[in-house]
Structure formats: structure tokens, C-alpha cells
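Here's a structure for you.
Each chain gets a letter, A, B and so on, in the order its sequence line appears, and its residues count up from 1.
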Amino acid sequence: MTECYIRVAEDENEEPMEIPSEEDGTVLLSTVAAQFPGACGLRYRSPVSQCMRGVRLVEGVLHAPESDWSNLVYVVNYPKGKIRSDNKRKMDEMDAASAVKIKRGVQKTSDLIVLGLPWKTSEQDLKDYFNTFGEVIMVQVKRDAKTGNSKGFGFVRFTDYETQVKAMSQRHMIDGRWCDCKLPNSKAGPDEPMRSRKVFVGRCTEDMTADELRQFFMQYGEVTDVFIPKPFRAFAFVTFADDQVAQSLCGEDLIIKGTSVHISNAEPKHNNIHHLFSNFPGRSPSLAAMFERSQYQFPSSHV
DNA sequence: GTTGAGCGTT
């Protein structure tokens, strides 16, 4: 362990500042407090558990979580209830951070199709049945519009992803028939990109290098690829080893080198390539065609 | 008034 710089920020979504460690690899709380007055400690988001973890603090000395500080961004802790001049703003940021935390910690659920329902099964029957697995937030029984007769299938949505996994892992005896819960085919399109390991990084600036993007996104998880189109087109693709990491970032605005970039799915539903060139009215329409033939096509086969 | 692999009127 040698002297290095660790990245510290006031909030997960704020631009980090590099502060120096000591020769033995520890970081003095006083060094942190010199840049963040009132600081009483550090925390960071574990890439494994996705939870915030506290940094060990012994007599004013902060110790690296593992063998080193890794490339994580550390967030400053302040004493609870401490009055700061910009208290209101900080409270808002805390709320935003909480929302982010919740979003990252929880895997999104999706509607499940329920096949094989008895004709007589009602939505209430469905809800009563699936409530024994976990909280149900939506049930539907599909019916003929004219007769009102059940079509023998429906949909269910659970609050918790764990419940969804459980429900999909087994057959269900409902009103005397065996039924199956599956991910609907209609979700195969929109859902596939949701599980992608690749994210689209919008609003990139020209001074962002692939290496810098890699360094930045490392804090969320292992980065397996960074792609920046040339010539410059203000976006990039970042691929993670873990699809859940990629998914957790979608929809967020992150600050890189002082610029807010927007993270979204690498393969939007409206994957019309020509839309990408609609911002360049001066260019020939064939540019899109050239793009399609070029090496810079959107990868579509990555899972 | 039927049926039994599939894929969601609003």
C-alpha cells in the first residue's frame, strides 16, 4: 500500500474530489474534513451488495475497506441533525440519494402471464391465490369483450422480485387446473434490452475519453467495454459484466467531468436508426444508410 | 351454453 488519491464526493451523484491518502494507505479524517468541513466519516456503495457501507474509522484514521481503496467513490458522512447553511438543499439531495438507493437495491418486477386458467377463475380468485406468495399489485383475467367469458389466461404483477422468481419457478394449481406463470412474449422485445449489460450514455462531451468513462463507471461494477463512436456524436456505450449493474443505472443522470450525462438503455424500443440523425438536418439522408453499413451499428445480439 | 395452446381491446 502506497500513497494514493481516493475519490470523495458530497453525494453519490456529485463530482468527486481526489484527496490524498497517507503513506500507509490510510486516509486521515482531518484530510477529508479539510475539503468537506464537518465531515465525520466516509461511506461507499458496495459493488457486491449494492448497499452503502461504512468505512472503518479508528482515532481519526480511515482505513481502506479491503486491501486498497479500489476505484470506488466515497461519500462524506455528516453528523445526523447537524445544521448546515444549505440544509434544505442537502435534505433534497438526501431524498434523491435514498431514491437511488432504493432503485439500485431492488430488482424491478414485470407482469407475468398466467396460462391455463379455468374458465371460471376470476381476478379476485387470482389475487387470493397469488397473495399467498407475496404482495400482489396487479391481476388481470383476459375476457372476450362481447361475452365476457374468460380466455383462460391472465396476468399478475408482484411487488417483490423475489416473489416473482418464486412464482415463475413452479406450477400452480388454481381452481383445479395446473397453470404456469411466465414472462410474456410481448415483453421479449422491451424486456430484452432491460436485461442488457450495455447502457447508452447520452450528452457526452468530446473531451471524455474511453478510459475516463471506464474509470468513472468502474465504481458501479466491472466494465467490460467502452465504445465511443468516431467521429464525435455526443454519446457512448458502456458495457458491464453484470446486467443488474447496467440496469440499475438506466434513467439516471450522472456527472462526469462536470457534465451531466444521461444513462439509458442501449437498445431503445424505437430503434429507428434514422432518428439518430434527425438532429443533423444539414446532412444527407444517406448518412443513416452509411451508418447502418458501417462498423458503428448498434450491437443487437448482445445479451 | 362448445375449447385448453397461447400472449395483454380500453
*Side chains of A:S260 and A:R203: donor-acceptor distance under 3.5 Å anywhere?*
yes
_Rounding to an integer number of Å, can you tell me how far A:R157 CZ sits from B:dC7 C1'?_
16 Å
*Would you give the length of the straight line joining atom CD1 of A:I6 to atom CG of A:L72, rounded to the nearest 0.5 angstrom?*
10.0 Å
*To the nearest Å, give me how far apart CG (A:D111) and P (B:dG8) are.*
12 Å
*Between the side chains of A:D211 and A:T209, does any donor sit under 3.5 Å from an acceptor?*
no
*When you measure from every atom of DNA chain B, which of residues 162-179 of chain A have a heavy atom less than 4.0 Å away?*
A:R177
*asked:* So if I take every side-chain heavy atom of A:M138 and compare against B:dG6, B:dT3, B:dG8, which nucleotide ends up nearest?
replied: B:dG8
*Kindly indicate whether the side chain of A:N185 and the base of B:dG6 share any N or O donor-acceptor pair separated by less than 3.5 Å?*
no
*Starting at CG of A:L115 and ending at P of B:dT3, how long is that distance when rounded to a whole Å?*
19 Å
*Flag the pair A:K198 / A:V238 as yes when at least one side-chain heavy-atom distance between them is below 4.5 Å, and no otherwise.*
no
_Any side-chain N or O of A:K151 below 4.0 angstrom from OP1/OP2 of B:dG6?_
no
*asked:* Measure CG/A:N149 against P/B:dT9 and give the value in whole Å, please.
replied: 14 Å
_Taking the ring centre of each residue, are A:H262 and A:F235 less than 6.0 Å apart?_
no
*Send over the distance from A:K146 NZ to B:dG1 P, rounded to a whole Å.*
11 Å
*Using the closest heavy atom to pick a nucleotide of DNA chain B for each, name whichever of A:K182 or A:G152 lands nearer the 5' end.*
A:G152
*Go through the structure and list residues passing salt bridge (Lys or Arg N to Asp or Glu O under 4.0 Å) with A:D207, not counting sequence neighbours.*
A:K257
*Pick the nucleotide of DNA chain B nearest each of A:I113 and A:S150; which residue has the one closer to the 5' end?*
A:S150
*Do A:F153 and the base of B:dC7 stack face to face, with centres under 5.5 Å apart and an angle between planes under 30°?*
no
*Taking NZ from A:K120 and C1' from B:dG4, how many angstroms apart are they, rounded to a whole number?*
17 Å
*Take atom CD of A:Q140 and atom P of B:dC7, then tell me their distance rounded to the nearest Å.*
16 Å
*Between atom CG in A:L126 and atom P in B:dG8, what is the gap in whole Å?*
17 Å
*May A:F155 be described as stacking on the base of B:dG8, applying a 5.5 Å centroid limit and a 30° limit on plane angle?*
yes
_What's the closest nucleotide to the side chain of A:K142 if the choices are B:dG8, B:dC7, B:dG4?_
B:dG8
*Under the 3.5 angstrom rule, does the side chain of A:E14 hit a backbone N or O of A:D11 as a donor-acceptor pair?*
no
*Counting any heavy atom closer than 4.0 Å, what does A:L117 reach on the DNA or RNA strands: base, sugar-phosphate only, or nothing?*
base
